[in-house]
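In what follows, chains carry the letters A, B, and so on, assigned in the order in which the sequence lines appear, proteins first and then strands, with residues in each chain numbered from 1. Note that the structure is a prediction, hence the values are computed from the model and not measured.
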Amino acid sequence: QSALTQPASVSGSPGQSITISCTGTSSDVGGYNYVSWYQQHPGKAPKLMISDVSNRPSGVSNRFSGSKSGNTASLTISGLQAEDEADYYCSSYTISSSVVFGGGTKLTVL
Amino acid sequence: DVQLVESGGGLVQPGGSLRLSCTASGFTFSSYEMNWVRQAPGKGLEWVSYISSSGSTIYYSDSVKGRFTISRDNAKNSLYLQMNSLRAEDTAVYYCARGGVMFDWYFDYWGQGTLVTVSS
């Protein structure tokens, strides 16, 4: 199962909005509404930010939102803050009864 | 509070074995699906294995199938990963991660991770 495709890096200024894409196939992202997004700060464990394409867990800021169109899922962060600087990973359930992650995107807040 | 604490990592020679444990607290362990996810140094996340709440359904990534065995003891609130025939490419931080209650494919709580280093 090949990794999902994410941009290696994105950047934005405080207050701006950014979107991170996550492209898979009809065997994973496109075939199921089981896309999740995780935030990971250096040296820390990942944190769930979005589940099931667009569900935001309790405690996660409403500045984070998720969506999907075809084989591509997206994470949008609005009103960028310095604390949002981190690595972001998408994941999806697959037709092979497995989970595949994206390669990760490093978000820099300028 | 939900807590997941991994243990059992360390240095092992290629071809060797290691057993990781994850002790859970703060929730009804027997009701939740559990997973192992690993991260090689400086690399991204890689899903390793899944086990259903009862232990009756198990899945593995192709990279560990036939070498790793996931199991759980609901009476002890514990998750395990038996790793055999270890290779250099298995070197990673191994995270225990909680799933949902029924065929949910997100990981809402993670442990702090335990480092496994495979080297001679």
Quick check: closest heavy atoms across Ala45(A) and Gly111(B), and the distance to 0.1 Å? CB-O, 3.3 Å
Counting only heavy atoms closer than 4.5 Å, note whether Pro57(A) contacts chain B via side chain, backbone, both or neither. neither
Cluster check Ile51(B), Val2(B): I/L/V/M/F/W/Y, side chain < 4.5 angstrom: yes
Shared ILVMFWY cluster between Val116(B) and Tyr80(B), side chains joined below 4.5 angstrom? no
With sequence neighbours left out, which residue pairs that include part of residues 7-84 of chain B fulfil the disulfide bond (SG atoms under 2.5 Å apart) condition? Cys22(B)-Cys96(B)
Report whether Phe107(B) and Val60(A) are members of the same hydrophobic cluster (ILVMFWY, side-chain heavy atoms less than 4.5 Å apart, transitive linking). no
Quick one: list whatever passes side-chain contact (heavy atoms from CB on, under 4.5 Å) with Thr23(B), sequence neighbours left out. Ser78(B)
Are there donor-acceptor pairs under 3.5 Å across chain B and chain A? List atom names and distances.
from, atom 1, to, atom 2, distance (Å)
Gln39(B), OE1, Gln40(A), NE2, 2.9
Gln39(B), NE2, Gln40(A), OE1, 2.9
Gln39(B), NE2, Tyr89(A), OH, 3.4
Phe107(B), N, Tyr38(A), OH, 2.8

Checking heavy atoms, do the side chain of Val37(B), its backbone, both or neither come under 4.5 Å from chain A? side chain
When clusters are formed by joining ILVMFWY residues with side-chain heavy atoms under 4.5 Å apart, either directly or through shared neighbours, do Val101(B) and Ile58(B) land in the same one? yes
Sorted by first residue and then second, give each salt bridge (charged side-chain N to carboxylate O under 4.0 Å, His left out) pair with at least one member in residues 8-25 of chain A; sequence neighbours left out. none
